[in-house]
Amino acid sequence: MKAWLQRLVASVSGGGQDWDGLEAALVQADFGARFAGEFVQRVRGEAGWGAKDVVRVAREAIRSGLGVARPPSLGQPVHVILLVGVNGTGKTTSAAKLAGWHIREGRRVRLAAADTFRAAAGDQLEIWGRRLGAPVTVGAPGSDPAATAFRAIEEAKAGGEAVVIVDTAGRQHTRHNLMAELSKVARVLGKHGPELPQEALLVVDANTGANALAQAREFSKAVRLTGLVASKLDGSGLGGAIFAIRQECGIPPVWTGTGERLEDFGPFDVEAYLDRLFAGF
Ligand SMILES: Nc1nc2c(ncn2[C@@H]2O[C@H](COP(=O)(O)OP(=O)(O)OP(=O)(O)O)[C@@H](O)[C@H]2O)c(=O)[nH]1
Ligand SMILES: [Mg+2]
């Protein structure tokens, strides 16, 4: 059983109910202080409750609090999805996986390498593009990523691609100039129509603890985030922060990454998420 769950169980076992211990277990699992406090308030009046009752209610509260969103229907004439996040969370891999998903749905997709920061980033996306049979718009290293994103939409309109997935450079959420650069990418996309980008997804490494919540707060100040890609859920991380982000920023999980291959990806599965959280109980 996972450490946080052991702690949760211990706090309500053996007759003496340790509410502070229960709250600490929830905080330890990155569910966020607000949820932990509210949950303990809710169950502390329940005399005679054991671990089984508390786990059942916790599971239900997390399920209903997650409010998973389905991928939205496509915007016309182009549906634009912007991927953002801190360094190394899996943005480029997720761009390719998401492209693969839309292609399997029968849509034509263009990838846009608006990561002009690293010279290799364009190459990385071009390799994915070749594998997927999808055209890739690449910006020159050091050039304005907003200009690359803008051009990708023009090329998609000309080429008849229905979906454009814009990969961006990894950036620390604490760097104001980099966040301003991201706002500009979104703003310039909006010159093709106020609804663009229809989706802005924050890619969060599920192994990141409470810092993921800080990432979500800062990125949502720069762009209007519509959802999360929870990457690396094949790792040992609990992904509790995904729940905290939903609770505190209102951003729902939409996609899950569970490995490095194209097929290790799909719509966020609440039951699978809960099964991992409560594994061993
Ligand atoms: N295990 C696992 N690895 C993943 C997953 N998604 C991405 N990776 C790996 O994580 C590493 C970084 O992935 P990238 O897609 O390059 O991440 P990025 O966010 O684009 O990185 P930067 O552009 O440098 O910020 C690569 O080795 C990927 O194969 C996942 O869901 N599970
Ligand atoms: Mg990348």
Side-chain angles (χ1 to χ4, degrees), residues 81-102 109-132 134 136-146 148-149 152 164-175 177-179 181-182 185 197 199-209 211-212 214-216 218-219 222-223 225 227-242 245 253-269 272-273 275-277:
I81 306 167
L82 181 66
L83 294 181
V84 304
V86 301
N87 306 77
T89 54
K91 291 174 294 302
T92 304
T93 313
S94 297
K97 290 169 169 177
L98 191 52
W101 190 86
H102 280 288
V109 178
R110 172 174 292 272
L111 289 162
D115 179 352
T116 53
F117 188 67
R118 276 192 309 120
D123 299 341
Q124 192 188 352
L125 206 61
E126 278 192 314
I127 291 168
W128 281 117
R130 267 200 296 281
R131 209 177 290 175
L132 289 157
V136 185
T137 301
V138 182
S143 68
D144 183 0
T148 304
V164 180
I165 300 173
V166 182
D167 183 28
T168 60
R171 65 196 73 225
Q172 288 308 308
H173 53 295
T174 47
R175 298 276 303 275
N177 55 334
L178 296 181
M179 296 315 265
E181 182 191 77
L182 195 60
V185 171
E199 295 183 66
L201 301 172
L202 177 68
V203 183
V204 170
D205 180 337
N207 298 293
T208 312
N211 187 257
Q215 293 169 19
E218 294 307 316
F219 274 91
V223 286
L225 295 175
L228 290 186
V229 177
S231 70
K232 312 196 188 186
L233 265 168
D234 51 313
S236 58
L238 280 179
I242 293 160
I245 290 170
V254 185
W255 300 102
T256 314
T258 49
E260 299 191 291
R261 301 169 311 160
L262 278 176
E263 54 271 36
D264 300 327
F265 185 78
F268 186 85
D269 180 343
Y273 175 75
D275 286 348
R276 278 179 84 254
L277 273 176

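Note that the structure is a prediction, hence the values are computed from the model and not measured. One is the number of the first residue; the rest follow in order along the sequence. Counting convention: from 1, in listed order, for ligands and their atoms alike.
Residue contacts with ligand 1: Asp264 is excluded, as none of its non-hydrogen atoms falls under 4.0 Å. Not a single heavy atom of Arg171 sits under 4.0 Å from any atom of ligand 1. Heavy atoms of Gly88 approach ligand 1 to within less than 4.0 angstrom.
With 2.8 Å as the limit, Thr93 does not count as an N, O or S neighbour of the Mg ion (ligand 2).
By the 3.5 Å distance cut-off applied to N or O atoms, Ala169 is not counted among the residues near ligand 1. At least one N or O atom of Glu260, backbone or side chain, sits closer than 3.5 Å to an N or O atom of ligand 1. The shortest N or O to N or O distance between Thr92 and ligand 1 is below 3.5 Å. For a threshold of 3.5 Å applied to N or O pairs, the pair formed by Gly90 and ligand 1 contains at least one separation below that value. The shortest N or O to N or O distance between Thr89 and ligand 1 is below 3.5 Å. Residue-to-ligand polar distances keep Asp167 apart from ligand 1: every N/O pair is separated by 3.5 Å or more. Among the atoms of Ser94, none of the N or O lies under 3.5 angstrom from an N or O of ligand 1.
Only the side chain of Lys97 comes within contact range of ligand 1, with a heavy atom under 4.0 Å; no backbone atom does. Residue-level proximity to ligand 1 for Thr258 is carried by the backbone, the only part with a heavy atom below 4.0 angstrom.
Closest protein heavy atom to atom 13 (O) of ligand 1: Thr93 OG1, 3.5 Å. Protein heavy atom in closest approach to atom 32 (N) of ligand 1: Asp234 OD1, 2.8 Å. Nearest to atom 18 (P) of ligand 1 among the protein's heavy atoms is Lys91 N, 3.4 Å.
Within ligand 1, counting atoms from 1 as listed, the ones closer than 4.0 Å to a heavy atom of Gly257 are 31 (O). Residue Asn87 has at least one heavy-atom neighbour below 4.0 Å for each of these atoms of ligand 1: 25 (O).
Trp101 and Trp255 have perpendicular rings, their planes meeting at more than 60° on a 0 to 90° scale where under 30° would count as parallel.
The closest side-chain donor-acceptor pair between Asn211 and Gln215 falls under 3.5 angstrom.
Residues Arg261 and Lys97 share a closest heavy-atom pair of O-CE, 3.3 Å.
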